[in-house]
Structure formats: structure tokens, C-alpha cells
Visitor: 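Pasting in a structure now, in C-alpha cells, and then I'll have a few things to ask.
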Amino acid sequence: MADFNFSVFSAAPAAAAEDTALTDLLAAAVGRAPAPRRWLTGRSGMWCTAVPSGAPHRQQGWKLHVTATPAAAPQVLERCLEVLLRAGSAFKFAATTDYVAALNARNAPRGHSGKFITIYPESDDEAVRLAAALHAATAGLPGPRVLSDRPYAPDSLVHYRYGAFTEDRRLTNDGFYAWMIIDPDGNPVEDRRAGRYTPPPWVTCPFPDNGRPVTRAEGGSRKQIVIGGRFAVRNAIRHTNKGGVYRAVDTRTGDAVVLKEARPHVAADMEGRDTRDRLRAEARALERIQDRGIAPRSAGLFTQSGHLFLAQEMIPGTPLREWTADRIRDAGWGPHLAPALEMARRLADLMIEAHAAGLVLRDFNPNNVIVRPDGAPVLIDLELAAAAGGGEDVPLRAGTPAFSAPEQFDGAPPHPTADYYSLGATLCYVLTGGPPFFMEERPRPRPLTRRLTEWLAARTQDLDLPESLRTVLVELMADDPGRRCTPARARSVLASCAPSPVPPQARRAATDHDEDPGEHGEDAPEWLLEACDQVVRGLTGQLLAAMDPESAQALWPMSCAHGAPDPCCVQHGAAGCTGALVRYLRHSDDPRLPDASATAARWMLDRLRDGTRRPSGLYFGTAGVAWALLDAGLALGDGGLADEAVAVAEALPGTAPGPDVTHGTAGIGMTALHLWARTGLPLFAERALAAADALAASVEEGPDGLVWRTPAHVESKLAGKSYYGFAHGIAGVGCFLLACAEATGRAEHRDLAVRVGDGLLDAAVRTPWSLMWGTGTGDPPTAPYWCHGASGIGTFLVRLGAATGEARFAEAAGLSARAVTDQSWRAVLGQCHGLAGNGDFLLDMADATGDARYRAAAWRLARVIIASRAHRDGRIVLPDERGDVSMSWGEGLSGVLAFLVRLRYGGERLWMADGAAAPGSAEDALVSETHRAGAAVRGSAS
């Protein structure tokens with residue numbers, strides 16, 4: 001599986017000022033509203049709200065949603081306002097047409113898509129009356145179906161569902177906010193917003209049937225589905241907001257086909273074009289090239305229930321994205337070059353053939369190419385393709401980040417030179433395993449060719465890539481479309497390229513054959529040290545500029561695919577950012593850092609006092625916050641803050657429902673060890689031992705070795721599961737047990753950690769030069785990351801080898817490091833699933849073994865990170881796993897910053913208890929003294 005999220009999007013043109021057309025309609029309508037009702041209106045984020053003064057506030061009930069396309073939104077809102085202001089029910093709506101477009105986007109979350117207007121009726125009877133009136137008022141206007149709701153009537157813009165009216169969000173055991181409703185027994189239940197209508201089982205629907213067909217999801221039979229009169233659906237490949245993609249069989253011919261669905265009015269633009277138009281464009285493109293063997297054959301375009309479907313030949317094979325990752329993973333870094341060059345030649349031929357047919361592809365990327373079993377690449381997903389001569393009404397400002405040409409996102413008409421850029425970007429991916437993703441820069445962006453040249457140099461440090469090929473890649477992706485070289489020239493250069501890779505068995509544990517950085521020494525070249533310093537300062541500047549202490553919701557903006565996280569936690573919140581800033585504070589004279597660190601600490605303390613029930617874990621709970629607060633207090637010399645951190649830690653439970661490092665008992669125990677080492681307070685030694693004892697008591701002896709798992713009855717995505725990795729699995733548990741044994745001398749915990757290590761060695765997948773692990777028992781090897789792969793497991797094994805002196809663990813750690821260095825081509829940069837976490841493991845290896853090659857290998861990863869930077873307003877940003885800018889520890893800037901600071905200046909790894917065996921240092925006397933004083937005050941007060 002590749003490590004970058006490729007997604008197609010449409011970029012809206014930049015506007016000098018926000019569009020106020022919709023909010024102006026509200027202001028005018030409120031001004032005309034009949035007395036004596038007074039309306040309170042306001043704006044919060046993307047929503048404009050309107051609440052009648054004195055209206056009752058229901059906690060939950062039947063709510064209504066009205067949908068609209070961006071073009072129809074003003075008319076839909078105007079008609080709805082007449083009904084809503086007369087009725088007096090509270091409501092909100094998306095404040096601009098751009099927000100309406102975002103709600104209707106082809107990849108918008110299915111549980112939230114389409115909800116332009118939300119109405120909160122005062123009663124069920126009022127909900128029914130309003131639904132009928134709004135349905136009549138908006139009849140005939142266009143809008144997509146709201147998938148989480150049931151439509152009031154066929155083709156109605158009005159939908160309904162039962163859910164929360166007020167923002168009753170609560171943190172789950174996994175550390176993410178969930179909307180809650182109350183069941184008849186008074187228990188909180190999650191208000192799930194899924195992509196289908198699923199009302200709570202205890203409610204009765206008050207709305208009339210209105211001729212709606214009953215769907216299978218609402219209780220129909222599971223008989224075979226045949227659509228288009230001939231295509232029997234077997235299963236879904238995927239579901240997105242634009243529609244599904246399905247495997248099916250043509251009942252007339254028996255052939256396997258793929259069905260692509262386009263829902264009406266999804267991703268509609270201001271001209272009324274929507275996903276159905278894109279599907280029609282794909283059908284035209286397939287017809288144009290159907291006899292060339294470079295794309296699936298079309299089996300028909302048809303409509304059913306208002307949805308458009310395209311049936312096309314099923315092409316066996318693997319997406320080019322996965323083909324590339326599999327080849328590099330299986331062959332190793334370097335030996336993959338020969339098949340990659342052959343694939344590059346075929347890809348150039350593929351584009352040459354498409355252009356010969358008069359087709360401009362406009363979205364040539366590794367997700368839109370299938371590699372057949374015979375190695376031939378085939379085009380798929382031609383929704384953006386257009387005739388080379390023009391004349392087709394196609395959407396502009398669309399494409400795939402990293403692979404589509406910049407001018408395409410600026411609205412340029414279709415032209416073959418944009419495809420040249422896409423070919424170059426795709427070849428970069430095939431050859432290096434990473435997408436050439438260059439984030440926007442301002443105010444003066446560096447030339448793209450300059451950034452690409454630096455990026456290629458970093459990405460191909462260990463690759464025998466001919467210089468002529470590097471030159472062609474830069475020429476294909478030239479800033480000026482008119483200066484880009486053709487696919488024919490690229491094909492000619494590729495034909496002359498013949499790599500001479502080093503056999504995998506001859507490769508060294510860490511790269512030692514390259515001049516950059518440092519063949520055997522600790523230090524990187526001066527230019528790389530300067531570049532690292534620049535990035536550290538730039539990332540720090542970005543973190544400081546992004547802080548918003550006035551916000552009650554989040555101190556730093558976070559981007560997280562899993563939901564809304566606890567804003568205080570390590571993984572996605574303020575504790576992780578604070579930890580990184582405090583680490584840099586020790587090595588920097590930046591005058592902003594002390595104040596920023598203190599501000600962050602006070603912000604977290606305020607949140608801890610707000611009454612929110614938080615999980616107790618290290619990465620997703622209060623333990624990590626206590627850790628960050630203590631480190632900030634010690635670094636700032638603030639005894640009061642350190643004392644408050646100790647008080648927070650004292651209030652933690654000794655154990656958690658789960659066993660792991662991120663959420664559970666092992667993480668709480670790791671925190672106790674850290675606080676014991678930093679404060680010398682015996683309480684925390686006792687807490688650590690209690691956690692270790694609890695883990696020893698809860699271990700299971702399975703057929704494949706020792707297992708810890710979160711109990712099945714616990715409300716958690718981890719419930720009932722067991723893993724190998726550091727974050728959620730036995731490696732993290734074993735690492736804590738070992739650290740506790742080292743600090744306390746308890747031999748039984750060391751013995752248990754050794755048994756964990758031996759179990760991990762038994763579970764390893766061995767190659768002649770590396771060790772890999774699956775996520776759990778029976779799983780195929782996964783990427784070598786901290787969370788679930790060789791990087792995190794090696795983090796435990798290198799410590800186990802150093803503590804026990806057992807050669808088998810030290811050797812396994814070295815082979816884990818080999819897996820990391822062999823797969824340094826992976827693109828993601830962060831701590832959890834990326835190069836920063838892998839780099840920290842290599843630094844662990846360097847510290848434990850004294851082998852400078854591991855530090856040199858860590859510098860090589862840093863060079864890739866540095867080459868991925870973007871300059872913005874005097875600061876520096878990096879992409880997270882989705883190409884966004886996030887400040888988070890797990891996948892964003894703060895985790896990368898902490899790795900670079902450690903690489904540059906040395907020191908222990910954050911959120912590890914490596915110093916737990918030596919409590920009570922001179923620096924830590926401060927916290928012990930202030931804590932005793934604080935405890936005395938608390939005791940006298942009680």
C-alpha cells in the first residue's frame with residue numbers, strides 16, 4: 001500500500017472578499033419578518049445561524065435538512081426563508097456558495113454531504129408541517145440527496161433524520177469527540193452520522209410515506225440486484241459521495257464489468273455540470289480510444305432511478321500506485337529501478353498512444369493507471385479527459401494534487417502540455433516511490449524546477465538514476481508549459497537508460513557509500529546543517545504563528561482523518577506541540593519560546609479544569625498532558641507549573657481499560673516512570689509498578705505467544721483486537737515493562753519483556769537483509785513505521801538488546817533498521833506513519849550501538865523531509881498525510897520538528913522513559929521542593 005493519499009479536487013478561484021449573497025438574503029428577510037418576533041442571527045465558521053428570541057431549546061429530535069446545488073442555493077434559501085421566518089423555528093445554513101460546493105463535493109464525507117440548511121423544529125408535529133411546507137416551496141429546484149437522511153418524498157430537496165440539536169460532544173475512550181443523544185433510559189448514545197439513514201431503534205417516525213420506495217438499507221430483502229436490465233451487482237469496490245463503484249456481471253455475455261455511478265447534482269458547478277457530466281465525458285473518451293487497447297471497453301451508459309451508470313470492461317491487475325510500492329518493498333531500494341524504468345517506458349508509450357487518438361487525459365496519475373498481469377499499463381477513470389481540439393464543455397480547475405499541472409488548477413483550457421507535466425510527476429513516483437507534491441509558497445514562490453531538482457536529489461540519494469533521466473523529469477515538469485519536453489523525447493531517453501543496481505544481499509545495514517551526509521562521521525555536510533537549521537526555525541515560526549490562545553476549541557489547528565480529537569492530547573493536540581517547542585527551547589535563544597511554552601501550558605490547564613471527561617492515556621489522554629506540563633515547568637524554571645503538572649499526574653488512574661502505550665495502561669506507566677525520574681517522588685514509582693503488575697496479570701498466553709488486548713466490552717475501535725506494534729501492540733507494552741524493570745529492579749517484569757521480545761522474533765517475516773511484521777497474527781508485512789511496523793518494534797528491541805546483552809535482540813533491531821533504511825522512499829513525513837518516527841528510531845540505534853552509520857541514515861531521511869518544505873510568509877510548512885498543514889505530533893509539524901531538533905542537537909527521544917533509572921537529578925529538585933510545599937498547602941486547606 002502506498003503512503004500518500006491521492007485525491008481529485010476542484011479548486012475554486014480565489015476571491016478578494018467573501019461572497020455575502022446568502023447572508024444578505026437572510027438580513028433582508030429578517031428585516032421583513034412580521035413583528036413581534038425578534039431574530040438573533042450570527043456566524044460561526046462556515047455556518048450562519050438564525051434563532052428566534054425566546055425559542056425553546058430541544059436537546060434532540062427530528063431535524064430537517066434542505067439541499068441545493070451552488071447555483072440554486074440563493075433561490076432555495078430565499079424560498080425557505082419565507083417558510084422558516086413565518087414558522088419561527090431555529091435554523092442554520094452554509095454561509096457562502098463556496099461552502100455549499102464543499103458540502104456537495106464528490107469526496108465530501110457521506111454522513112455530512114448535501115446539508116445546506118438545517119432546521120431544528122420545536123416539536124415532531126412542527127417538523128412534519130415544516131417538511132411539507134419546505135417541500136412545496138422548493139419543488140423543482142436542484143440539489144443532491146442527503147445520504148444520512150430519508151427524503152421527504154421522491155426527488156424532494158427536504159430530508160429528515162433523528163439527531164442532536166445541541167452541541168453535546170463527549171470524548172470517547174479513543175480520544176475523539178462524538179455527538180451524543182440520550183436514550184429513553186437516560187444513557188448517552190453516539191449520534192452517528194453515517195452515509196445511510198439509520199434512526200435510533202427507540203424512535204417512531206412521524207413523517208408520512210409520500211410514495212418513497214423502501215430501500216434494502218431500510219429493511220428490504222437481500223435478493224440479487226440487477227441494474228440497467230442486465231448487470232448483476234456482486235459487491236461494492238468503494239462508496240464516495242459522488243456514487244459507488246461496483247463489481248458486476250453482464251448477464252447477457254457473462255463478462256465481468258465495473259459499474260461506475262454518478263449521483264445527480266453532486267459536485268455541481270455554477271453552470272450546472274455535475275458528476276454525471278464527468279461520467280459522460282469518460283464514456284466519450286473510452287469510445288475515442290476503444291480500439292487501441294489502452295483503456296477498458298465501454299459496455300454502456302444508462303440511467304436508473306435518476307442515477308447515471310457507466311458499465312465498462314473489468315481490467316485485471318493492480319493500480320500503478322500499489323504496483324510501485326509492492327516492487328520497491330519486495331525488491332528493495334535500488335534493485336527496483338530496472339522494472340521501474342521498463343514501466344516508465346510503457347507509461348510514456350501509453351500517453352503517446354492516447355495523444356495520437358486526439359485525447360488530452362488531464363488526470364494521468366498512479367491511481368488512474370492499472371497494471372495488467374502481463375505488465376501492460378492501462379488507463380482508467382477518464383472523467384476529466386477531453387478532445388485535443390477543444391469544443392467539449394469540460395470542468396476546469398480540476399485535477400490531482402502533485403500530478404496535475406499548475407496551470408490546470410488555474411483554469412487553463414485542456415492542452416497536451418499539461419499531460420506532459422503529469423507524465424513527469426508519475427514517472428517521479430514510479431522511480432522514487434513518492435509523489436512530487438509541492439505545496440503553495442508565498443509571497444515569492446521558488447521556481448518549480450528548482451524545487452523539483454532539490455526534491456529529486458533527496459529522493460534518489462541511493463539510486464543509480466542516470467543524469468539524462470533526471471534532466472528529462474525536470475523538463476517534463478517545467479514551469480513554462482511551452483518549454484516542457486514531449487513524451488516522445490522522454491521515451492527516447494528512457495530507452496537509453498540501463499541501471500546497474502547493487503544486489504540486495506550486498507547492501508550494508510545503513511548507507512555508507514554516499515558522500516551525503518557523512519560517510520562514517522556523526523556530522524552532516526555544512527550545507528545540510530544550515531538547511532536543517534533553517535527548517536527548524538521555520539517550523540518553529542509556523543507553530544508560534546498558528547497558536548490561538550483565545551480559542552476555547554483548539555490552541556493549534558489540527559488535521560485529522562479520524563475525527564475531532566481532544567485538543568489537549570499528545571497525538572493531535574496541544575501537548576504534542578508543546579513538547580516539541582519545549583525541546584527546542586533548550587537549544588534556542590528565540591525570545592518567543594518561553595512565553596509561548598508558558599501560554600500553551602496555561603491553556604491546557606484551563607481545559608483540564610472545564611469538566612470534560614478525558615481518557616487517561618499517554619498519546620490520547622491526560623497522562624500525555626501531565627508529561628508536557630511537567631517538562632514545560634522544568635524548562636521554564638516555573639515551580640508552580642511543575643507542581644500543577646504533578647497534581648494532574650497524581651489524579652490519573654493507575655490503569656486504563658486497554659493495555660497499550662497510546663491509550664492504555666502501558667502509557668500511564670511510562671508517564672509514571674518519567675515523573676518519577678524527573679521528581680524523585682516515590683508515588684510515581686509505585687504507580688509504575690502497579691501498572692506493570694496489572695499488565696502482567698492481564699496477559700494472555702495464545703497459540704502464537706503473549707497477547708494483550710483491549711477487552712471486548714470496552715467502547716473502543718481497539719476492543720477485542722491484538723497487535724504487534726508499538727502504538728497499540730505488545731512491542732509498546734514490552735518496552736514499558738522493560739523500562740519499569742530497569743528503573744525498579746523487578747526481574748519478573750524484565751523476564752516478561754524478554755518473552756515479548758522472543759514472541760516478536762517468532763512473528764517476524766524475514767528476508768535475507770531485514771525483518772518485517774504484520775499488524776497482527778496472520779497479517780502480511782506492513783510498512784516499517786512506529787505505529788505498527790518495524791520502526792516501532794525495533795524501538796523496543798534495541799532497548800531490550802542493550803538491557804539484556806542478548807545478541808538476538810540486538811541483531812533483530814539492526815535488521816529492523818535495515819527495513820527502515822530500505823524503505824526510506826516512503827513519502828509520508830510524520831512521526832506515526834512516516835520518516836520522522838523512522839528517523840527517531842535510527843537515532844535510537846545510533847545511541848545504543850555507537851554506530852555512526854545509523855545517524856547518517858537518519859540525516860538521509862531528514863534530507864527528504866527538508867526537500868519537501870514550502871516557504872510561507874517567512875515561515876516553513878510541510879504536508880501531512882493528506883497534503884494539508886497540521887501542527888499535530890502524530891502526522892504534522894510538531895513531530896517532525898522534534899525529530900529534527902534531536903538530530904541536530906542530540907538528547908533523549910520524547911515520550912519515552914529512557915531516563916527512568918536515575919530519578920532525582922539536580923534540575924528536578926525544583927519540582928520536588930515545590931510539590932512538597934504545594935502538598936502542605938493542600939493538606940492544611942483540607
Side-chain angles (χ1 to χ4, degrees), residues 428 432 434 436-463 470 474 510-511 514-545 580-581 583-584 587-590 821 824-831 834-840 842-843 846 852-880 885 892-907:
C428 284
T432 73
F437 183 72
F438 301 113
M439 305 181 76
E440 175 193 3
E441 293 194 320
R442 56 179 184 261
R444 290 181 297 278
R446 292 172 293 160
L448 188 59
T449 51
R450 174 182 162 192
R451 298 175 72 182
L452 176 61
T453 300
E454 180 186 359
W455 183 89
L456 277 171
R459 297 288 305 178
T460 60
Q461 292 171 80
D462 305 316
L463 207 57
R470 294 176 191 265
V474 174
T511 56
D514 194 293
E515 69 210 24
D516 290 326
E519 232 177 283
H520 298 284
E522 293 277 336
D523 294 329
E526 189 64 32
W527 66 266
L528 188 53
L529 294 174
E530 292 176 0
C532 184
D533 288 341
Q534 180 192 42
V535 170
V536 166
R537 290 192 298 269
L539 294 179
T540 301
Q542 179 64 28
L543 279 169
L544 296 176
L581 289 178
R583 174 58 54 89
Y584 186 42
H587 309 285
S588 171
D589 58 0
D590 188 328
T821 56
S824 59
W825 52 270
R826 294 183 178 272
V828 179
L829 308 182
Q831 279 278 343
L835 301 186
N838 287 4
D840 261 325
L842 293 173
L843 293 179
R853 291 177 300 170
Y854 290 115
R855 186 171 300 280
W859 271 110
R860 306 178 89 80
L861 299 191
R863 185 176 172 188
V864 175
I865 292 172
I866 290 167
S868 303
R869 73 194 183 280
H871 297 263
R872 292 187 181 173
D873 304 317
R875 302 184 291 272
I876 285 176
V877 296
L878 294 165
D880 66 7
V885 176
L893 301 187
S894 60
V896 176
L897 173 63
F899 160 60
L900 294 178
V901 168
R902 182 185 178 204
L903 176 64
R904 187 68 174 91
Y905 301 105

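When reading the values below, keep in mind they use all heavy atoms of this one structure, side chains included, and skip hydrogens, waters and symmetry mates.
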Visitor: Should Ser824 and Val864 count as side-chain neighbours, where that means a heavy-atom distance under 4.5 Å?
Guide: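 Result no, sub-4.5 Å side-chain heavy-atom pair not found.
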
Visitor: Quick check: do Arg583 and Phe899 have side-chain heavy atoms less than 4.5 Å from each other?
Guide: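 Arg583 does not reach Phe899 side chain to side chain.
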
Visitor: With Leu539, which of Leu900, Leu544, Ile865 fulfils side-chain contact (heavy atoms from CB on, under 4.5 Å)?
Guide: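 Answer after filtering Leu900, Leu544, Ile865: Leu900.
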
Visitor: For Arg875 and Gly541, which heavy atoms make the closest approach, and how far apart are they?
Guide: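 For Arg875 and Gly541, the tightest heavy-atom pair comes out as CD-O, 3.1 Å.
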
Visitor: Please round to the nearest 0.5 Å and tell me the distance separating atom CG of Asp533 and atom CZ of Arg904.
Guide: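 Here the interatomic distance stands at 4.0 Å.
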
Visitor: With no hydrogens and no angle check, is any side-chain donor or acceptor of Arg902 less than 3.5 Å from a backbone partner on Asp840?
Guide: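 The answer is yes, because a donor-acceptor pair under 3.5 Å joins these two groups.
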
Visitor: Verify, without hydrogens or angle tests, whether Glu441 (side chain) and Arg446 (backbone) share a donor-acceptor contact under 3.5 angstrom.
Guide: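 Pair found, side chain donor or acceptor close to backbone of Arg446.
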
Visitor: Is the shortest side-chain heavy-atom distance between Glu454 and Arg869 below 4.5 Å?
Guide: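 In contact.
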
Visitor: About how many Å separate CG of Leu903 and CG of Leu843, when rounded to the nearest 0.5 Å?
Guide: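 Here the rounded value is 5.5 Å.
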
Visitor: Could you tell me whether the side chain of Leu452 reaches within less than 4.5 Å of the side chain of Cys428, counting heavy atoms only?
Guide: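 Answer yes - side chains close enough.
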
Visitor: Does the side chain of Met439 reach to within under 4.5 Å of the side chain of Val877, using non-hydrogen atoms?
Guide: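 A side-chain contact exists here, since the closest heavy-atom pair is under 4.5 Å.
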
Visitor: Any chance you could measure His871, atom NE2, to Gln534, atom CD, to the nearest 0.5 Å?
Guide: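 These two atoms lie 5.0 Å from each other.
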
Visitor: Tell me whether the rings of Trp455 and Phe438 are parallel (<30°), tilted (30 to 60°) or perpendicular (>60°).
Guide: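 The rings of Trp455 and Phe438 stand perpendicular, inter-plane angle above 60°.
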
Visitor: Let me confirm one number: the CD1-CG distance from Ile866 to Leu861, rounded to the nearest 0.5 Å.
Guide: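 Rounded to the nearest 0.5 Å, the CD1-CG separation comes out at 11.0 Å.
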
Visitor: Heavy atoms only: give me the nearest Ala867-Ala458 pair and the separation to one decimal.
Guide: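 Where Ala867 meets Ala458 most closely, the heavy atoms are CB-CB, 3.7 Å.
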
Visitor: Can you check whether Val896 reaches Val535 side chain to side chain, under 4.5 Å on heavy atoms?
Guide: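 Val896 vs Val535: side chains apart.
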
Visitor: So with a 6.0 Å cut-off around CZ of Arg450, is the heavy-atom count from everything else above 12?
Guide: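 Check fails, neighbour count at 12 or below.
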
Visitor: Atom CG in Leu842, atom CZ in Arg860: separation rounded to 0.5 Å?
Guide: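 These two atoms lie 11.5 Å from each other.
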
Visitor: Between OG1 of Thr432 and CG of Leu456, what distance do you get to the nearest 0.5 Å?
Guide: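 If I round to the nearest 0.5 Å, the distance is 7.0 Å.
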
Visitor: Taking all atoms of both residues into account, what is the closest heavy-atom pair of Ala870 and Glu440, and its distance?
Guide: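 Looks like CB-O, 3.9 Å.
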
Visitor: With a 4.5 Å cut-off on side-chain heavy atoms, are Val885 and Arg872 touching?
Guide: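 Yes, close enough: below the 4.5 Å cut-off.
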
